[in-house]
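Here the structure comes first, spelled out in structure tokens, and everything after it is commentary.
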Amino acid sequence: MTRIPHTLQLTPFHPRTAPLIRGHTWRRWSGHAAASVYDWTHEHEYAAIRNAAALLDVSPLHKYRISGRDATRLLDRVVTRNVAKAAIGQVLYTGWCDAAGKLIDDGTISRLGEQEYRLTSAEPNLRWLHRNAFGLQVAIEEVSQALGALALQGPLSRAVLNAVAERPVDGLKYFRVMDNRIAGTDIQVSRTGYTGDLGYELWIPAAAALPVWDALVARGADYGLTPAGIWALDVARIEAGLVMLDVDYQSAHRAMIEAQMSTPFELALDWTVSFDKGPYNGRRALQAERERGPAWRFVGIEVNWDSFEALHTTVDLAPAVPAVAWRASVPVYRAGSQVGYASSGCWSPLLKKYLALAHLSAPHFDPDTPVELEVTVEHQRLRAAAVVRKLPFYDPPRKRA
Amino acid sequence: MTNRYDAIVIGGGHNGLVTAAYLARAGRKVIVLERRELLGGAAVSEQVFPGFTFSVFSYVVSLLRPEIIRDLELARYGLQILPLESTVTPLPDGDYLASWNDPDLTRREISRHSPLDAEAMIEFGRLMHHIARSVKPFLSLMPPDPTSLSLRDLRGMLKLGGHLESLGSERFHALYKLLTMSSADYLDEWFECEPLKATKSASGIIGSFLGPRSPGSAYVLLHHYMGEIDGAFRAWGFCKGGNGTVSNAIAAAARSWGAVLRTDAAVTQVLVRNGRATGVALETGEEFTAPVVVSGLDARRTYLELVAEKELPDELLEQVRRFRFRGSSGKVNLALSELPDFSCMPGIGPQHRGAFSISPSVDYLERAYDDAKYGGFSRRPYMDIVFPSMIDPGMAPPGAHVASIFVQYAPSAIDGGWTPARREAFGDTVIDTLAEYAPNLKSAILHRQVLTPADIQEKIGISEGNIFHGELSLQQLFFLRPAAHWAGYRTPIPGYYHCSSSTHPGGGVMGAAGRLAARAILEDA
């Protein structure tokens with residue numbers, strides 16, 4: 001008999017990740033238990049992303065297998081990128097919109113065959129896919145539970161994979177996917193990730209999740225492979241300027257009012273919006289917005305150190321930088337008026353800068369525009385000088401090389 | 001003369017108490033006259049069996065207007081609303097469908113039955129939230145008369161029109177559908193999972209002589225979405241101490257402003273002199289005088305029993321005679337030596353802190369209605385079961401429990417009338433049905449109280465035992481509640497007012513009618 005679940009859902013890697021988590025720092029991710037950090041602090045885990053190799057359990061992503069005669073047509077009806085143009089073995093990052101061009105979710109599409117795809121998303125999208133599949137011959141299968149996912153990220157991730165996987169990954173280009181085998185299990189490896197670094201994501205049948213994890217951890221030890229949690233990932237993805245659902249924007253399906261919704265242009269995802277394909281959800285609205293220009297823009301904010309330090313010096317304190325990324329709405333000002341808000345921010349140990357991701361209204365979002373970010377020093381709301389930057393903040397050549 | 005007041009409220013139900021509290025707060029010298037030995041009307045807690053406290057009639061709270069809680073400082077006077085965390089629908093095949101207080105858990109659970117419905121729930125919830133917000137202003141609005149050209153009515157209609165305009169097309173059309181469709185049809189547009197549709201559609205039949213496939217039931221569904229607790233719509237809670245605490249808190253607030261609350265004082269007649277209400281007479285012959293008399297009784301009693309027909313216009317009398325009550329709900333309260341152990345979810349656990357709903361399919365509910373339609377009680381009834389002692393341990397002795405079972409259908413106009421034997425047969429049917437899902441139930445029963453619409457009418461005076469003081473059907477709502485031209489809490493008799501759930505916005509332990517009536521009275525002063 002079905003019992004009432006008494007915990008969050010557990011990922012296929014939970015038997016391995018649970019013993020590693022020292023401070024019981026679990027958090028919720030799509031109804032799953034996910035590690036915020038395994039170690040006492042995330043410093044080492046973050047460093048592994050930028051310095052060696054980090055292993056992240058990203059199984060809570062929603063995953064759909066879409067196949068059948070009209071699989072391409074369905075995806076091209078739904079998402080903003082041109083799916084038909086993708087080569088087999090190619091992976092596309094894309095968003096998808098409602099009819100008003102407001103973003104519902106974002107994720108990746110892996111073209112696994114002529115008419116076979118895997119779509120990943122942050123939130124459940126089965127109903128939306130079904131509703132859009134009206135009249136099409138296509139099978140939409142949720143494989144979220146059946147498929148575990150690991151992100152192997154960092155400059156040594158390629159070396160780790162080459163040591164563990166049966167087939168070398170040297171030839172695997174950025175945003176491409178290949179079949180491979182680890183510990184006798186058929187898996188897929190895509191050169192994708194959420195860190196803006198060299199990295200891979202591994203798509204592993206849930207039943208064989210543990211041997212794959214064990215093999216990676218065993219051989220990876222020689223390369224400084226470190227299991228990493230969301231805190232480390234958060235810093236890396238802010239440096240990479242990658243937008244996050246429910247943090248930097250709200251799904252058009254969840255937002256309570258229109259003002260809470262965003263378009264791909266507002267989120268600086270222009271490059272994912274295709275106008276060289278047939279009709280798709282939101283196309284007309286997006287076309288109009290492209291001509292009009294977006295009212296908002298997702299940009300980087302770099303806090304001026306001298307200003308930030310001065311605000312602390314006044315109260316006889318050294319500047320306290322946010323080592324753990326914050327996820328909150330923080331006002332951004334220009335010339336005394338609020339011109340937008342930051343939605344996440346952190347200290348970048350790599351760039352030695354206080355960074356934030358922000359939404360600024362026109363015409364305040366051009367790079368190098370001087371703005372002010374609200375900071376709280378000793379319970380006082382103050383404003384530190386800052387400047388608008390183009391994203392990403394960090395973009396190492398090895399990411400694509 | 002000591003029996004002289006500024007206002008007399010007939011009936012100490014929660015609406016009467018709310019009116020009295022607001023009038024007293026405004027400085028009026030108020031007396032409430034309650035026929036029974038305790039205040040509260042249908043919101044009472046009683047020890048029917050020693051050591052066990054039953055919320056005898058109404059048993060949960062949600063619709064109680066937050067502005068009343070604030071204005072009357074009900075938290076200060078003992079109102080404590082505890083969360084009802086879940087709803088579990090046991091299914092005939094031994095499985096169940098549950099919704100929990102956590103969205104992730106609920107999505108996971110509904111996904112077992114239908115992944116599409118699990119996602120639809122989120123958007124459905126958002127739309128219903130918008131609708132509930134959209135109709136919220138109506139709950140605090142004195143219904144304007146759309147056929148009147150008075151400044152007050154015109155202003156009201158203008159406000160209304162402006163509000164409807166502001167909804168936008170999606171919400172306006174959803175509202176229109178909710179006003180006109182059946183709850184089953186409305187839910188069919190969203191969901192595919194049968195027990196999910198049935199359990200949701202059950203909200204559309206409560207207190208009504210309607211099946212889930214009857215047009216109009218979608219409105220009743222909406223009515224149950226209008227509640228809010230701590231700002232969350234569609235939140236239902238359990239009042240510590242039972243629903244009598246709601247009445248007692250309002251009573252305490254009223255007393256704090258000097259209101260006199262008398263029990264064992266059955267008003268038989270409203271005194272009318274020269275066409276004006278001047279006071280009331282009790283069964284005992286005792287009289288009270290006041291320039292304002294407010295009836296907290298249902299429309300039938302307010303217009304047809306408390307005053308002489310000659311005082312009222314024929315067309316109003318005719319409308320009130322046609323006002324539909326048709327009580328359809330019964331109640332079974334149990335004192336239990338142990339909790340029912342449901343086979344679908346064995347053991348005692350968090351499920352017992354929420355509701356169990358016997359609503360496996362829309363067909364099941366519709367068949368239950370069919371029985372009632374042709375003059376019987378449902379042989380397989382719909383039930384909403386809660387265990388108040390699991391939420392407030394003070395409701396029963398340690399280790400023992402109370403169960404509150406709301407049942408449909410028990411038609412007030414049952415073939416042959418409600419006799420003690422028929423009442424007990426009805427009680428047996430309820431217990432037999434429930435025992436199929438929880439086999440230990442029968443041996444756990446220490447005491448059983450069965451209430452039919454006839455009992456509700458007899459004990460607390462509501463005509464035909466209708467829990468809403470008259471059905472919440474479209475032709476009995478808003479400017480037609482309880483009658484055209486007389487939806488504004490005033491009556492044709494100057495000085496005589498009406499504050500019961502027979503007036504807008506209807507029943508459900510809202511208190512809104514009582515508050516609006518007080519406002520009308522103070523406006524007239």
Side-chain angles (χ1 to χ4, degrees), chain A residues 1-11 26-34 60 62-65 78 96 98-100 102 104-105 119 121-134 139-146 245-246 250-261, chain B residues 85-86 88 90-91 93-130 132-134 166 168 170-171 189-193 233 341-354:
Chain A
M1 187 43 61
T2 326
R3 302 306 303 259
I4 315 164
H6 64 282
T7 65
L8 292 168
Q9 273 177 290
L10 305 177
T11 77
W26 296 105
R27 68 195 292 144
R28 200 187 278 229
W29 176 8
S30 283
H32 291 74
H62 291 273
K63 310 165 208 93
Y64 303 95
R65 185 176 174 275
V78 172
W96 47 99
D98 67 7
K102 306 292 186 183
I104 292 168
D105 204 337
L119 171 75
S121 63
E123 286 194 348
N125 276 277
L126 189 65
R127 184 165 183 263
W128 184 242
L129 292 169
H130 268 269
R131 285 174 63 183
N132 281 283
F134 185 79
I140 305 160
E141 185 192 355
E142 168 136 28
V143 292
S144 300
Q145 304 302 317
L245 180 60
D246 277 343
Q250 288 190 45
S251 169
H253 282 167
R254 301 286 184 102
M256 297 306 285
I257 54 174
E258 199 186 327
Q260 293 174 343
M261 303 176 186
Chain B
E85 294 176 5
S86 57
V88 174
L91 302 178
D93 66 0
D95 198 353
Y96 63 84
L97 172 83
S99 73
W100 305 102
N101 60 346
D102 179 85
D104 282 330
L105 205 51
T106 299
R107 181 161 62 78
R108 187 169 159 191
E109 162 64 8
I110 295 176
S111 287
R112 290 201 302 122
H113 301 268
S114 161
L116 294 178
D117 283 7
E119 292 179 28
M121 281 278 277
I122 298 161
E123 283 174 64
F124 179 79
R126 184 176 68 163
L127 180 62
M128 292 303 281
H129 169 95
H130 283 313
R133 267 196 69 226
S134 305
S166 73
E170 188 200 17
R171 294 175 205 175
E189 294 191 353
W190 285 89
F191 302 108
E192 60 180 15
C193 169
F233 289 105
D341 189 349
F342 287 82
S343 328
C344 66
M345 202 184 276
I348 305 306
Q351 67 270 30
H352 289 88
R353 293 198 298 267

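So you know, we letter chains A, B, ... as the sequences are listed, proteins then strands, and number each from 1.
- Atoms CZ and OG, from R108(B) and S30(A) in turn, are 12.5 Å apart once rounded to the nearest 0.5 Å.
- In terms of heavy-atom pairs under 4.5 angstrom with chain A, the leader among G349(B), A120(B), P115(B) is A120(B).
- Surrounding CD of E170(B) are at most 12 heavy atoms belonging to other residues, nucleotides or ligands under 6.0 Å away.
- Heavy-atom pairs under 4.5 Å with chain B were tallied for E142(A), Q9(A), R131(A); the largest tally goes to Q9(A).
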Only pairs under 3.5 Å count here: list side-chain donor-acceptor contacts from residues 250-257 of chain A, not counting sequence neighbours, and write none if there are none.
| residue | atom | partner | partner atom | Å |
| --- | --- | --- | --- | --- |
| S251(A) | OG | I104(A) | O | 2.8 |
| S251(A) | OG | H253(A) | N | 3.0 |
| R254(A) | NE | E123(A) | OE1 | 3.4 |

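- A distance of 5.0 Å separates CG in L116(B) from CG in L126(A), rounded to the nearest 0.5 Å.
- In this structure, chain B has a heavy atom under 4.5 Å from the backbone of T7(A), while its side chain stays farther away.
- Among all heavy-atom pairs drawn from R28(A) and D102(B), the shortest one is NH1-OD1, 2.7 Å.
- When heavy atoms are compared at a cutoff of 4.5 Å, P350(B) approaches chain A solely by way of its side chain, counted from C-beta outward.
- Taking CD of E119(B) as the reference point, atom NE2 of H130(A) lies at 9.0 Å (rounded to 0.5 Å).
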